[in-house]
Student: 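Pasting a structure below so you can have a look.
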Amino acid sequence: MNADDIDIGILSNLEPTRKRCLEMCEDFGFTSISWNDLDQFQADSKKPRLIVAEFTDGGTPIAVSEIAQLVRFTQPDAFLLCITGDTVNKTEADFARKSGVNYLLMASEIIGTAKLEFICLQTLHSRYFPIKATDLIAGTELPFDLYHLLPMRKKFLKAGFEGQELSQEKLTKLSEAGEFYIDRASAIRFKDYIRKTTDRSPGGIATLCRSQFLALQGQSLDLLFQLSAQAENASVGEGQELLKKCGDLCSELLSVLAEHGKPWEIVNNSTVGTFGSVERAPAIAAYTGFFGFLTDLPDTGQLMVSALLAELGLLLLPPGILKKLRNGSEASLTEEEKKIYRTYPLRSVEVCLNRKLSLPEKQRNLIQSTHERLDGSGFPQGLAARKIPAGSLAIGFARLFDQQTLVKMGELRSEPIDVLRKALTVDETNRKHFPVEWMDLLAKAIFP
């Protein structure tokens, strides 16, 4: 193993933390290394991409900041996640960030929630988004860096530079690779580049849809990442600004999805994350918007934002529950685990309110009702049909569609159009869970 090919470094003398991190690495195939103390760490030349740090006496903000400064001295480029005590105010969190900490995770969260998985996946798996060689236009100037993926080493190699002019010769050479990656932070610039350079042919509309979806995915993951950081006590304005940007991107995406007409062709090839993870939220939002548009649901752009926020509560669930969801379905949970899992819609709203997001009561009700069903079999409250917002049912249907069309390793891919046809015309369970009139309207729009 090369010194720069390690995903996660565990800098801790606490056995529960070390065990938790190693189990997570095994689940996701992350390579890892661990050190018992700072002396071991400083004597080692290996440079993991992400470092988790916690010590018996390191939970205070001052101790965390001292550890951060030592880590940054030798490894300035690593993403640093530090575990701290359960009472950190904004001043202390700001001091830790200035010392080099990228993310503060409270001690109670490391074992009791799935935030560790989310942070590591965001940092290691979702930092780069794929684009196609055909997205680039000869004679234009690149507004972002381009990367090739070296699969064996899981390393990204820069293949094009921001500000570089793409000659036809350069573009032809680059096109031999077929697919490139851009840094997630460049997704908005990629969207703007595509809007300026792409025609309105069917192929051009598909490219435009993909760029809009990647922009929404990048911005919404940033929002979810920021909202998950309870220990950092971030400013109210920060979350509200990200939420507004996501709302604008939802409206932009919806306009081109409506023109394209087959959102699953874009979403399935562009989305990160597996079933049961908050990373699926942008995909669910895209499907919600499209289905809502076809059935004339009101405020469809805001409905998409609600779909993004509805998955937040998953981050607060114990990691063992989400592991079972990733590997199977809700049916694999024990009765006690089901009780805990079925509280997550309420916790999604709780996260938003704790971060003081401006959510009207109507939107709060919508978010916490996306798992309710017409026959009263839903959760968390088992609401009667007349009390369930129509938008909540649309989000629930979009979530089900995403689950059934998700590309899974080692399994035959279900054709999205076949999944829709069955859900809308055959599956009696779905028709008990979702309004027949709404599903008939959707069926007529998709299968005229």
Student: Go through the steps to decide whether Leu243 and Leu227 satisfy the test side-chain contact (heavy atoms from CB on, under 4.5 Å), and finish with yes or no.
Tutor: CA-CA 10 Å; Leu243 189 62; Leu227 292 178; over 6 Å; no

Student: So which heavy atom on Cys209 is nearest to which on Val256, and how close?
Tutor: SG-O, 3.3 Å

Student: Give a yes or no on whether the backbone of Thr31 and the side-chain of Asp7 come within a donor-acceptor separation of less than 3.5 Å.
Tutor: yes

Student: Tell me, do Asn354 and Val351 make a side-chain contact under 4.5 Å, heavy atoms counted?
Tutor: no

Student: Please check if atom CZ in Phe28 has more than 12 non-hydrogen atoms from other residues, nucleotides or ligands closer than 6.0 Å.
Tutor: yes

Student: Is Val419 close to Phe401 at the side-chain level, that is, under 4.5 Å between some pair of heavy atoms?
Tutor: yes

Student: Test: side-chain hydrogen bond (donor to acceptor under 3.5 Å, both in side chains). Region: residues 293-308. Which pairs qualify, not counting sequence neighbours?
Tutor: Thr295-Trp438, Ser306-Gln363

Student: Main chain of Leu316, side chain of Arg347: is a donor-acceptor contact present, judged purely on distance under 3.5 Å?
Tutor: yes

Student: How long is the straight-line distance from CG of Asp44 back to OG1 of Thr74, given to the nearest 0.5 Å?
Tutor: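 Reported to 0.5 Å precision, the distance equals 9.5 Å.
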
Student: Can you list every salt bridge (Lys or Arg N to Asp or Glu O under 4.0 Å) pair that touches residues 300-319, not counting sequence neighbours?
Tutor: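 Qualifying pairs, neighbours excluded: Glu311-Arg399.
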
Student: Has the side chain of Glu337 got a donor or acceptor atom that lies under 3.5 Å from a matching backbone atom of Thr334?
Tutor: yes

Student: Side-chain contact, heavy-atom cut-off 4.5 Å: Leu309 with Leu223?
Tutor: yes

Student: Could you note down all residue pairs passing side-chain hydrogen bond (donor to acceptor under 3.5 Å, both in side chains) where residues 384-397 supplies at least one of them, sequence neighbours left out?
Tutor: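 Checked against side-chain hydrogen bond (donor to acceptor under 3.5 Å, both in side chains) - neighbours excluded - no pair reaches residues 384-397.
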
Student: Closer than 4.0 angstrom, basic N to acidic O: yes or no for Lys432 and Asp375?
Tutor: no

Student: Are Leu254 and Phe293 packed together at the side-chain level, in the sense that at least one heavy-atom pair is separated by less than 4.5 angstrom?
Tutor: yes

Student: Could you check whether any side-chain heavy atom of Leu116 comes within less than 4.5 Å of a side-chain heavy atom of Cys21, counting everything from C-beta outward?
Tutor: yes

Student: If you take all heavy atoms of Ala68 and Val101, which pair is closest and at what distance?
Tutor: CB-CG2, 3.6 Å

Student: Could you walk me through whether Arg189 and Ser186 satisfy the side chain to side chain donor-acceptor pair (under 3.5 Å) test, starting with their C-alpha distance in whole Å, then the side-chain angles of each, then the deciding distance to 0.1 Å, before giving a yes or no?
Tutor: CA-CA 5 Å; Arg189 280 178 284 168; Ser186 301; 3.3 Å; yes

Student: Ignoring hydrogens and angles, tell me if any N or O in the side chain of Thr343 forms a donor-acceptor pair with the backbone of Ile340 under 3.5 Å.
Tutor: yes

Student: Main chain of Ile110, side chain of Arg20: is a donor-acceptor contact present, judged purely on distance under 3.5 Å?
Tutor: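 Answer holds: yes.
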
Student: Please check if the side chain of Asn365 supplies one atom and the backbone of Lys362 the other of a donor-acceptor pair under 3.5 Å.
Tutor: no

Student: Between Lys244 and Asp248, does any NZ, NE, NH1 or NH2 come within less than 4.0 Å of an OD or OE carboxylate oxygen?
Tutor: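 Yes.
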
Student: Verify the neighbour count for atom NZ of Lys262: are there more than 12 heavy atoms of other residues, nucleotides or ligands below 6.0 Å?
Tutor: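 12 or below, so no.
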
Student: Compare all side-chain heavy atoms of Gln240 with those of Leu357 and state whether any distance is below 4.5 angstrom.
Tutor: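 Side-chain contact under 4.5 Å: yes.
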
Student: Does Lys323 NZ have over 12 foreign heavy atoms under 6.0 Å away?
Tutor: no

Student: Compute the centroid of each ring, for Phe180 and then for Tyr147, and state whether the two points are separated by less than 6.0 Å.
Tutor: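 They do not qualify: ring centres at least 6.0 Å apart.
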
Student: So, does Glu372 use its side chain to make a donor-acceptor pair with the main chain of Gly382 at under 3.5 Å?
Tutor: yes

Student: Identify whether the distance between the nearest side-chain nitrogen and carboxylate oxygen of Lys47 and Asp77 falls below 4.0 Å.
Tutor: no

Student: For this output row, return yes or no: ring centroids of Phe129 and Phe190 closer than 6.0 angstrom.
Tutor: no

Student: So how far is it from Ser228 OG to Glu109 CD, rounded to the nearest 0.5 Å?
Tutor: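 Reported value, rounded in 0.5 Å steps: 8.0 Å.
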
Student: Distance-only, no hydrogens or angles: does the Arg210 side chain make a donor-acceptor pair with backbone N or O of Val267 under 3.5 Å?
Tutor: no

Student: Walk me through whether Arg373 and Phe379 qualify under side-chain contact (heavy atoms from CB on, under 4.5 Å).
Tutor: CA-CA 8 Å; Arg373 297 295 176 257; Phe379 61 86; over 6 Å; no

Student: If I compare all heavy atoms of Cys352 with all of Leu312, which pair ends up nearest, and what's the gap?
Tutor: SG-CD1, 3.8 Å

Student: What about the rings of Tyr287 and Phe397, do their centers lie closer together than 6.0 Å?
Tutor: no

Student: About how many Å separate OG1 of Thr370 and CD1 of Ile388, when rounded to the nearest 0.5 Å?
Tutor: 10.5 Å

Student: Flag the pair Pro318 / Thr113 as yes when at least one side-chain heavy-atom distance between them is below 4.5 Å, and no otherwise.
Tutor: no

Student: Could you go through Arg18 and Glu54, starting from their C-alpha distance and side-chain angles, then the distance that decides it, and tell me whether this counts as salt bridge (Lys or Arg N to Asp or Glu O under 4.0 Å)?
Tutor: CA-CA 9 Å; Arg18 293 163 67 89; Glu54 181 184 32; over 6 Å; no

Student: Check the pair Glu279 / Gln122 against side chain to side chain donor-acceptor pair (under 3.5 Å), numbers first and verdict last.
Tutor: CA-CA 9 Å; Glu279 290 92 346; Gln122 293 309 292; 3.2 Å; yes

Student: Distance-only, no hydrogens or angles: does the Gln75 side chain make a donor-acceptor pair with backbone N or O of Lys46 under 3.5 Å?
Tutor: yes

Student: Between Ser277 and Leu314, which heavy-atom pair has the shortest distance, and what is it?
Tutor: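 In this case the closest contact between Ser277 and Leu314 is C-CD1, 3.9 Å.
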
Student: Less than 6.0 angstrom separating the ring centers of Tyr344 and His371, yes or no?
Tutor: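 That pair passes the under 6.0 Å test.
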
Student: Please lay out, stage by stage, how Thr123 and Tyr103 fare under the test side chain to side chain donor-acceptor pair (under 3.5 Å).
Tutor: CA-CA 11 Å; Thr123 306; Tyr103 196 103; over 6 Å; no

Student: Working to the nearest 0.5 angstrom, can you tell me the gap between Leu325 CG and Ser332 OG?
Tutor: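 Leu325 CG to Ser332 OG: 6.5 Å, rounded to 0.5 Å.
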
Student: Has Glu26 got more than 12 heavy atoms of other residues, nucleotides or ligands less than 6.0 Å from its CD?
Tutor: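 Check fails, neighbour count at 12 or below.
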
Student: Give a yes or no on whether the backbone of Ala229 and the side-chain of Arg355 come within a donor-acceptor separation of less than 3.5 Å.
Tutor: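 Checking the backbone N and O of Ala229 against the side chain of Arg355, a donor-acceptor pair under 3.5 Å is found.
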
Student: Rounded to the nearest 0.5 Å, what separation is found between the CG atom of Leu308 and the CG atom of Leu242?
Tutor: 11.5 Å

Student: Centroid separation under 6.0 Å, is that true for the rings of Phe30 and His125?
Tutor: yes

Student: Yes or no on side-chain contact (heavy atoms from CB on, under 4.5 Å) for Ile188 and Gln219, after CA distance, side-chain angles and deciding distance?
Tutor: CA-CA 8 Å; Ile188 296 293; Gln219 200 75 77; 3.8 Å; yes

Student: Which heavy-atom pair separates Leu346 from Pro380 by the least distance, and what is that distance?
Tutor: CG-CG, 3.6 Å

Student: In the structure I gave you, are the side-chain heavy atoms of Asp27 and Arg326 within less than 4.5 Å of one another anywhere?
Tutor: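 With C-beta onward as the side chain, the pair touches.
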
Student: If every non-hydrogen atom of Ala286 is compared with every non-hydrogen atom of Leu257, which pair is closest and at what distance?
Tutor: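 For Ala286 and Leu257, the tightest heavy-atom pair comes out as O-CD1, 3.9 Å.
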
Student: Please walk me through it: do Ser211 and Asp135 pass side-chain contact (heavy atoms from CB on, under 4.5 Å)?
Tutor: CA-CA 9 Å; Ser211 71; Asp135 293 338; over 6 Å; no

Student: CZ of Arg72 to OG of Ser65: how many Å apart, nearest 0.5 Å?
Tutor: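 Output value for this atom pair is 12.0 Å.
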
